[in-house]
Amino acid sequence: MKKTIVIGGGAAGFFSAINIKENNPEMEVIILEKAKNVLQKVRISGGGRCNVTHACFIPKDLTKFYPRGNKELLGPFHTFMTGDTMEWFETRGVPLKIEEDNRVFPVSNDSESIASCLLQEADKLNVKVLTGKGVQKIKKTENGWNIFTKEDSFACDYLVVTPGSSKPIWQLLEQLGHTIIPTVPSLFTFNIKDSRIKNLPGISVPKATVSVVSEKLTAKGPLLITHWGMSGPGILKLSSFGARILAEKKYTFKIKINWLSKSFSEIEEILIDFKTQNPRKLVCQRSPFSEISKRLWEQLIITSKINDTTNWADLSKKQIQKLLEEVGVGIYEVQGKSTFKEEFVTAGGVDLKEINFKKFESRIHSNLFLAGEILNIDAVTGGFNFQNAWTGGFIIGQNLGK
Ligand SMILES: Cc1cc2nc3c(=O)[nH]c(=O)nc-3n(C[C@H](O)[C@H](O)[C@H](O)COP(=O)(O)OP(=O)(O)OC[C@H]3O[C@@H](n4cnc5c(N)ncnc54)[C@H](O)[C@@H]3O)c2cc1C
């Protein structure tokens with residue numbers, strides 16, 4: 001009987017093990033999990049609700065959410081992606097729902113539904129799960145692998161490595177000849193001390209464009225002012241796509257904010273039209289932009305040196321120009337980062353050049369498969385990181401032993 005060892009009982013590990021067993025019922029499959037309990041991250045994910053995937057059903061569009069891994073995942077997504085994930089869980093008794101922002105959650109709003117579904121499937125298929133078994137050494141043998149934990153050793157024909165972001169396992173893989181791209185944090189919020197936003201925590205803007213000054217790094221999306229700076233999907237997207245560049249800058253850099261995501265000339269036209277139509281109205285009381293809250297508007301006016309008794313008709317060209325700059329290209333200094341909730345994701349991991357993505361198999365060693373966060377793949381928030389784990393696990397299951 002052939003044997004597979006899976007290192008790590010997380011999302012990618014369980015999905016690999018289940019799919020390997022479904023495709024090879026004769027295979028013995030053992031998950032070795034370091035912790036006392038498996039699927040811990042699934043349980044805490046999505047604020048305890050588990051954002052299991054994202055309702056984006058076109059492979060090419062889906063890859064755009066992955067700053068690292070976008071090219072490599074295109075092929076795999078043609079085999080197994082978001083719609084397949086939804087069907088997989090729903091046909092196994094977990095109804096899912098798509099929320100307004102396209103994130104997909106179990107109808108139960110409880111990540112336990114996902115965890116218990118994976119546990120039941122693994123159990124039904126006779127996948128062995130051994131907890132408290134942290135892998136410490138991996139040795140290649142003539143016909144397979146020897147895996148060592150503190151107390152035990154396991155010989156196997158196939159090895160699936162799914163320990164998430166794990167420094168010790170990256171080191172073991174390096175010893176086996178793999179290249180590890182150094183890790184840096186992804187998905188973080190920006191620390192900004194600026195009088196314009198100091199008193200505005202909680203205020204959000206629905207569609208801002210944020211760019212890093214003198215870099216080709218721009219993201220569009222809702223922006224939230226926090227008591228330490230800025231957060232929200234637009235900022236998180238920028239932190240994810242800029243993870244490496246921003247780490248090189250030691251998280252000290254300037255950003256440019258267009259609060260409306262409109263062109264300069266469009267904003268200018270709106271301002272001039274508004275001035276013509278509302279000459280006797282106070283600038284501080286009447287804003288032409290419904291997207292910008294009253295309190296943020298007041299701050300932009302103060303910065304543009306417009307006092308609270310100025311009418312629109314009295315605005316000088318210079319003041320209009322300054323207001324235009326504040327709305328369209330306001331510069332803010334970022335000094336440091338903060339973690340987004342507890343959802344830390346790292347960029348970095350096994351170099352994707354060394355993986356054959358038709359099988360999620362190592363190009364350096366045959367019968368060595370890798371999936372999930374151990375690879376240099378990561379995405380913005382929204383269910384994409386789990387989708388990477390499900391896709392890798394499914395494809396390993398289809399190919400291992402073939
Ligand atoms: C708080 C939080 C919330 C998140 N929410 C979401 C979300 O809602 N949607 C989403 O898409 N993504 C979310 N993510 C990201 C997502 O959880 C990960 O991308 C995903 O879990 C990666 O799966 P994985 O199987 O590669 O790794 P993991 O889920 O981390 O699993 C790896 C497993 O391997 C075990 N292990 C490690 N080293 C060893 C070893 N030496 N020997 C044996 N076992 C070992 C670990 O204990 C762990 O159980 C969230 C992350 C965090 C931190």
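Remember, it's 1-based here, ligands and their atoms both numbered in the order they're listed. When a residue number appears, it is its place in the shown sequence, counting from 1.
Using modelled atom types and a 3.5 Å distance limit, the side chains of Ser165 and Glu373 yield a donor-acceptor pair. Side-chain atoms of Ser261 and Asn258 form no donor-acceptor pair, as typed in the model, at a separation below 3.5 Å. Between Thr226 and Ser231, the side chains place no donor N or O within less than 3.5 Å of an acceptor N or O (distance only, hydrogens not considered). In this structure, a donor-acceptor pair under 3.5 Å is present between the side chains of Gln387 and Thr53.
The contact set between ligand 1 and Gly10, taken as ligand atoms under 4.0 Å from a residue heavy atom, comprises 25 (O), 29 (O), 31 (O), 33 (C). Ligand 1 places these atoms under 4.0 Å from at least one heavy atom of Asn51: 7 (C), 8 (O), 9 (N), 10 (C), 11 (O). Of all the atoms in ligand 1, the ones that sit under 4.0 Å from a non-hydrogen atom of Ile7 are 42 (N), 43 (C). Heavy-atom proximity to Ile44, at under 4.0 Å, picks out these atoms of ligand 1: 1 (C). Contact atoms of ligand 1 toward Gly8: 33 (C), 34 (O), 35 (C), 44 (N) (distance under 4.0 Å to a heavy atom of the residue). Residue Ile169 has at least one heavy-atom neighbour below 4.0 Å for each of these atoms of ligand 1: 41 (N). For ligand 1, the atoms closer than 4.0 angstrom to any heavy atom of Gly372 are 26 (O). Those atoms of ligand 1 with a heavy atom of Ser45 less than 4.0 angstrom away are 3 (C), 4 (C), 5 (N), 6 (C), 7 (C), 8 (O).
Taking distance alone, with nitrogen or oxygen atoms compared against 3.5 Å, Phe386 approaches ligand 1 more closely than that limit. Checked by distance only, ligand 1 and Val135 come closer than 3.5 Å through their nitrogen or oxygen atoms. Among the atoms of Gln387, none of the N or O lies under 3.5 angstrom from an N or O of ligand 1. Checked against a 3.5 angstrom limit, the closest N/O atoms of Ala11 and ligand 1 fall inside it. Annotation: Gly46 places an N or O atom under 3.5 Å from an N or O atom of ligand 1; distance criterion only. Between Ala12 and ligand 1, at least one pair of N/O atoms sits closer than 3.5 Å.
Remark: Lys139 fails to qualify as a cation-pi partner of Trp145 under the 6.0 Å distance and 45° angle criteria applied to the six-membered ring. At least one test fails for Arg286 against the ring of Phe274: distance under 6.0 Å to the centre or angle within 45° of the axis.
Only the backbone of Leu32 comes within contact range of ligand 1, with a heavy atom under 4.0 Å; no side-chain atom does. Contacts of Asn385 with ligand 1, taken as heavy-atom pairs under 4.0 Å, involve both backbone and side chain.
Under the 3.5 Å distance criterion, the side-chain polar atoms of Asn51 are matched with a main-chain donor or acceptor of Val104. Under a 3.5 Å cut-off, the side chain of Ser240 and the backbone N or O of Lys237 do not form any donor-acceptor pair.
The closest heavy-atom contact to atom 35 (C) of ligand 1, among the options Glu33, Lys36, Lys34, comes from Glu33. For atom 18 (C) of ligand 1, the choice among Glu373, Lys167, His54 with the nearest heavy atom turns out to be Glu373. In this structure, of Pro163, Ser166, Gly383, the residue bringing a heavy atom nearest to atom 36 (N) of ligand 1 is Pro163.
By the 4.0 Å heavy-atom criterion, Gln40 is excluded from the residues contacting ligand 1. In this structure, Lys133 is part of the shell of residues with a heavy atom less than 4.0 angstrom from ligand 1.
Between Cys284 and Asp308 the shortest heavy-atom distance is SG-O, 3.6 Å.
A parallel orientation is assigned to the rings of Phe384 and Phe65, their planes being inclined by less than 30° (bins at 30° and 60°). Between Trp390 and Phe386, the ring-plane angle classifies as parallel under the 30° and 60° cut-offs.
Salt bridge absent: Glu248 and Arg244 never bring a charged side-chain N and a carboxylate O closer than 4.0 Å. Classification of Glu298 and Arg295 as a salt-bridged pair fails, no side-chain N sitting under 4.0 Å from a carboxylate O.
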